[in-house]
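All remarks here apply to the structure that follows.
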Amino acid sequence: MSTATGQTQPNDGTDLPDYPGTRSPRCPFDPPPVQAGWRRADGLTQVRLSNGRIAWAVTRYGDVKQLLGDPRLSADGHRYPQLMETQQHGQPQAFPRMDDPEHSRIRRTLTGEFTVKRVEAMRPHVRSLVDRFLEEMIAAGSPADLVRAYALPIPSLVISLLLGVPYDDHTFFQTRSATLMRKGTPQQERQAASGELFGYLLDLVKRKEREPGDDLISRLVTERVVTGELTHLDVAMNSMVILHAGHETTANMIALGTLALLENPRQADRIRDTDDPKVVAAAVEELLRYLSIAQDMLVRVATEDIVVGGHLVREGEMLVSGVPSANRDGVFESADLLDLDRDARGHLAFGYGVHQCLGQSLARVELQEALPALLRRLPALRLAVPLEEVRFRHDMVVYGVHELPVAW
Ligand code: HEM
């Protein structure tokens, strides 16, 4: 352990607490209770990550923000292989695992696709998909698994259409994506899933080069590959990042958000009974803060000795940002309460700094459309099993529920 005075004792990790810790079955929306203790204690806490690596857990709001905005911390998986779950030959590095300036050079080729304006233009289309899946779920009859019938297909289809990936292949990319999101997936399985997904997208990139369409992959090929800004491999990798990041996260927010609203019926009424888009938008921000589903993915390495929260972190040491804990810090009044009327802006659910979520505007639009439509169309929506029987995603990098049995 090291302190602000710089004394370091090597630790082999065997006696360290596991990160992120175990959530309480009675409060499945709260971060693991152990993190509240770490937040109150001085300095940082040394932990063992689910892949066995040792890291400093950063759990206070101010510290997480400082850390994610500090250029002395690196996300570069090439330089620091300990940041990577899989090293794959023949694939370029994914830009979330790069540092600036290379990270922003690649990211800039995509930002135009995800501006508020571009995403707002997609809203009517998102709305029509929401209605379609809602009506299909209702037609199939109560009860239903909300994840499979509603929460997963909406973002999955949205991202497929945006990229130009045939939605008919959704079982293929959803299963590979889930394998990559599962903690502790054996290396061989992880590499196979990543290789298959990458190969599939590389073939698609080449097909789009021959027959471009009105989609993101075609635009990257026709506008960025011809200029030499990106290679075919880069386009395949960018597509893989977006496909992977773009559906599991939002799907889990829709499903877990629905469950949180079913468990807090007065709060659900706030969304159901309003026709004010600003009230819905604020409610979605609060759900993002309260649920903070990115439980286990914000890792970095210190490139030099730095002080975080009065605590010395040595060059080469790993840090993990506890976003769920930071969003329950005292900067938000009564932070453990879900209060859809509060101003939750400034939350860190999409991260912070140069790696802040590229798809956040799209995620917001999807949530702003999917949650109110569900509550209004099905006012009698209820959980079809006792809460204790819901399978929460403790085993995944992104928190949520594996299934959500609902009836109406
Ligand atoms: C509610 C849904 C979502 C949540 C909670 C979420 C959360 C996050 C977080 C916390 C990060 C920062 C990771 C880090 O700093 O290491 C991130 C990055 C990212 N997200 Fe999201 N995300 C969501 C939806 C989406 C969607 C819909 C897309 C794509 C269309 C997307 C694409 C990305 C990408 C590409 C990055 C990496 C950005 C970079 O490294 O520059 N996300 N997301």
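Because the structure is predicted, anything quoted here is derived from the model rather than measured. Read the numbers this way: they start at 1 and go in the same order the structure lists the ligands and their atoms. Just the heavy atoms: all of them, side chains too, but no hydrogens, waters or symmetry mates, feed the values below.
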Salt-bridge test for [X] and [Y]: reply yes if a basic N is under 4.0 Å from a carboxylate O, no otherwise.
X      : Y      : result
Asp341 : Arg270 : yes
Arg132 : Glu136 : yes
Asp276 : Lys278 : no
Arg123 : Glu369 : yes

Just need the protein heavy atom nearest to [atom], so name the residue and atom and give the distance.
atom                    : value
atom 13 (C) of ligand 1 : Leu298 CG, 4.0 Å
atom 6 (C) of ligand 1  : Phe350 CD2, 3.7 Å
atom 32 (C) of ligand 1 : Ala245 CB, 3.5 Å
atom 37 (C) of ligand 1 : Pro96 CG, 3.7 Å
atom 22 (N) of ligand 1 : Cys357 SG, 3.1 Å
atom 40 (O) of ligand 1 : His355 ND1, 2.6 Å
atom 36 (C) of ligand 1 : Leu358 N, 4.0 Å

So is there a nitrogen or oxygen of [X] less than 3.5 Å from a nitrogen or oxygen in ligand 1?
X      : result
Glu366 : no
Arg97  : no
Thr249 : no

Can you tell which part of [X] has a heavy atom less than 4.0 Å from ligand 1: side chain, backbone, both or neither?
X      : result
Arg300 : side chain
Val241 : side chain
Met253 : side chain
Ile159 : side chain
Gln360 : neither
Pro155 : neither

With a 3.5 Å cut-off and no angle check, do the side chains of [X] and [Y] form a donor-acceptor pair?
X      : Y      : answer
Glu285 : His347 : yes
Ser156 : His170 : no
Arg39  : Gln35  : no
Thr231 : Asp234 : yes
Thr109 : Glu229 : no
Gln91  : Ser194 : yes
Glu209 : His232 : yes

| field | Check against ring-ring contact (aromatic ring centres under 6.0 Å, His included), Tyr200 and Phe172 | value | CA-CA 10 Å; Tyr200 166 84; Phe172 169 81; 5.0 Å; yes
| query | Say you draw a straight line from NE2 of His355 to NE2 of His103; how long is it, rounded to the nearest 0.5 Å? | reply | 4.5 Å
Numbering as shown, the atoms of ligand 1 that approach [X] to under 4.0 Å (heavy-atom distance):
X      : answer
His103 : 39 (C), 40 (O), 41 (O)
Ala363 : 1 (C), 2 (C), 24 (C)
Ala349 : 5 (C), 7 (C), 10 (C)
Val354 : 41 (O)
Met297 : 8 (C), 9 (C), 10 (C), 11 (C)
Gly246 : 26 (C), 27 (C), 28 (C), 29 (C)
Phe114 : 30 (C)

| query | Does atom OH of Tyr352 have more than 12 heavy-atom neighbours, drawn from other residues, nucleotides or ligands, at distances under 6.0 Å? | reply | no
